[in-house]
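We use all heavy atoms of the structure for the numbers below, so side chains are in, but hydrogens, waters and symmetry mates are not. Every number for a ligand or one of its atoms is a count from 1 in the order of the listing.
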Amino acid sequence: MASELLRKEETLTMRRQLIGQSCRLFYSDDPVKIVRARGQYIFDENDKRYLDCISNVHHVGHCHPSVTKAATDQMELLNTNTRFLHDNLVLYADRLAATLPERLSVFYFVNSGSEANDLALRLAQQYTQHEDVIVLDHAYHGHLMSLIDISPYKFRKLNGQKEWVHVAPLPDTYRGIYKEDEPNPGLSYADTVKDLIEVVHRKGRKISAFFAESMPSVGGQIILPEGYSAKVAEYVRSAGGVFVADEVQTGFGRVGSHFWAFQMQGADFCPDIVTMGKPMGNGHPIACVVTTVEIASAFTANGVEYFNTFGGNPVSCAIGLAVLDVIEKEDLKGNAKRVGAHLKDLFTRLKSRHEIIGDVRGAGLFVGVELVEDRELRTPATKTAAQVVKRLKMEDRICVSTDGPWESVLKFKPPMCFNMEDAELVVHCIDRILTDIEANMKLEKEDI
Ligand code: PMP
C-alpha cells in the first residue's frame, strides 16, 4: 500500500488554499483521494478499490508496467529536444503513420490536446489564408484562448462568440433538429454546414476550417450519422477550407471497430488534419497533430520555425511507442469492441425496464446512457444523473461522470482493459440504483 504524506483533510485544506478554485474536483462534497492505481482500478488512502469508468487517458490501464519501464529506461539514458536527431521521434511517427490513411503523413508533436488543436488552427489558417472556423454546437476543443473561442461549451458562459467563429448544429439524432426518423440524417445535418458556409460567404468572410470531434463527447457521447463527415468535407473543401478531426478523446482503438473514430465514417472519408492527445502517453503529457504534405509545406513556407521544447522528446516517444505495443499485444482494440458491445447490450436491456433511460448509444468503450424525465418529451433528467453518479461512488465505489449540454448523459470511457465482469457490475449497480430512485419517485407522487 502506498503511504500517505498528508491526511485527507490536510490535503483538502491545502488544496483549497493553494490551488485555483476553478480547478474543480470530482465529487466536491467528498472527493476521492487516490494514492495508487493499476489497470482499471484506483485505490484510496485506505486502500479501498474503485472501478474507474472515467479515465480515458489511462488508456492501456493505470501504471501499465511496460509503459513505466519504457519511460524509466529512456529517462536513465537520455531526454532532450527535437533539435537533436533521435530515433524515437521518427520511429514513433512511423508507427502512428501505419495506423492512418496514407495522405496523413506529416507529424508535429506537442504536449496537450489544447496545444494540438491550437497548432491545427494555425496550420489551417496558414494553408487556406482564410480565418473563419465552423464548429459544432456544445463542442469543447481545449483551454487555450484560441480554443475557448471555438468551444461553444465554454464561450457561451464567457464573452460570447467571435465574428470569425460559426456554430453548426450538433448532429445528434436523439435531441437535435433531425431525429432518428429523418430519412438521411447524415445528409440533412451536413446541409446545415453548407447553409452556414453560404451565410459566412454573404458576410464577405472565408472558411479556413471545419473543426469537430469524430464523436462529440462533451456534446453528450454523440455518434455522427452515416455519411455526415464525407459530405461536410466536400462542402468545406469547395469553400477552400480544411476538415480538422479532433481525436483527442476518441482515438487509439477506443471505438473497437477502427483505430480512429473518423474511420467509422467510411473508407472514402479522410480528414485534412487530425489532432490526438489524452490516451497517447497513458497519462504522460504527449499529443500530436498529423496532416498532409501540402498543408505542412504551406506551414513551412512562411519561413518561421516551429519549436516545441518538450513535444516529441525521446522519453515521450518511448512512452508513445510502448502504448502502441500494449494496444497490439493485449488486443485492446478487440477488447473495446467485445466489452463495449456487451456493455451497450446490457444497457439496452436495462432501458426496457427503466423508463428513465431515454437513449443508449456508443461505439466500443465510448458509451453514453441518456437519462430523461419523460421519454416522449425527452426532458433531460439532470438531477437523477447526478444522483446516480454520487450513489455509484458512495455505495459501490464506481467512478462514472456525466456529459451533454444538460449533464444528463452517464458516460463510460474506461481504460481499455475494462472487462466483461466490470461491465456487468456497473450495469447491475445502476439497475439497483434506478430501481430505488423510481420507487422513491412513485412514493413521492402518491404522497402528492
Ligand atoms: N479536445 C477534446 C475533444 C478534449 O476533450 C480535450 C480535453 N478534455 C481537449 C481537446 C484538450 O486537451 P488537453 O486538456 O490535453 O489540453
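- Annotation for ligand 1: atoms under 4.0 Å from non-hydrogen atoms of Asp246 are 1 (N), 2 (C), 3 (C), 10 (C).
- Val248 CG1, 3.9 Å is the protein heavy atom nearest to atom 9 (C) of ligand 1.
- At a threshold of 4.0 Å, the pair Asp396-Arg391 does not count as salt-bridged, since none of the basic side-chain nitrogens sits closer than that to a carboxylate oxygen.
- The line from CG of Asn282 to NE2 of His62 is 8.5 Å long, rounded to the nearest 0.5 Å.
- At under 3.5 Å, a nitrogen or oxygen of Ser114, whether backbone or side chain, sits near a nitrogen or oxygen of ligand 1.
- A 6.0 Å sphere centred on CE of Met14 holds no more than 12 heavy atoms belonging to other residues, nucleotides or ligands.
- Here the two rings, on Phe252 and Phe259, have centers that are under 6.0 Å apart.
- With a 4.0 Å heavy-atom cut-off, ligand 1 is reached by the side chain of Gln249 but not by its N, CA, C or O.
- Counting the atoms of ligand 1 from 1 in the order shown, those under 4.0 Å from a heavy atom of Glu213 are 3 (C).
- No salt bridge links Lys8 with Asp44; every basic N to acidic carboxylate O contact stays at or beyond 4.0 Å.
- Comparing Tyr140, Tyr153, Phe211 by heavy-atom distance to atom 6 (C) of ligand 1, the nearest is Tyr140.
- Glu370 contributes no side-chain N or O that, together with a main-chain N or O of Gly404, makes up a donor-acceptor pair within less than 3.5 Å.
- Under 4.0 Å from ligand 1, the heavy atoms of His143 that appear belong solely to its side chain.
- Between Phe307 atom CZ and Thr82 atom OG1 the span is 5.5 Å, to the nearest 0.5 Å.
- Annotation: cation-pi geometry satisfied between Arg49 and Tyr41 (NZ/CZ under 6.0 angstrom from ring centroid, within 45° of ring axis).
- With a 4.0 Å heavy-atom cut-off, ligand 1 is reached by the side chain of Asn117 but not by its N, CA, C or O.
- Closest to atom 10 (C) of ligand 1 among all protein heavy atoms lies His141 O, 3.4 Å.
- When only non-hydrogen protein atoms are considered, atom 15 (O) of ligand 1 lies nearest to Gly113 N, 2.9 Å.
- Protein heavy atom in closest approach to atom 7 (C) of ligand 1: Lys278 NZ, 3.1 Å.
- Checked by distance only, ligand 1 and Gly142 stay at 3.5 Å or farther apart across all their nitrogen or oxygen atoms.
- In this structure, the ring of Tyr92 has its center no less than 6.0 angstrom from the ring center of Phe107.
- Ligand 1 places these atoms under 4.0 Å from at least one heavy atom of Ser112: 15 (O), 16 (O).
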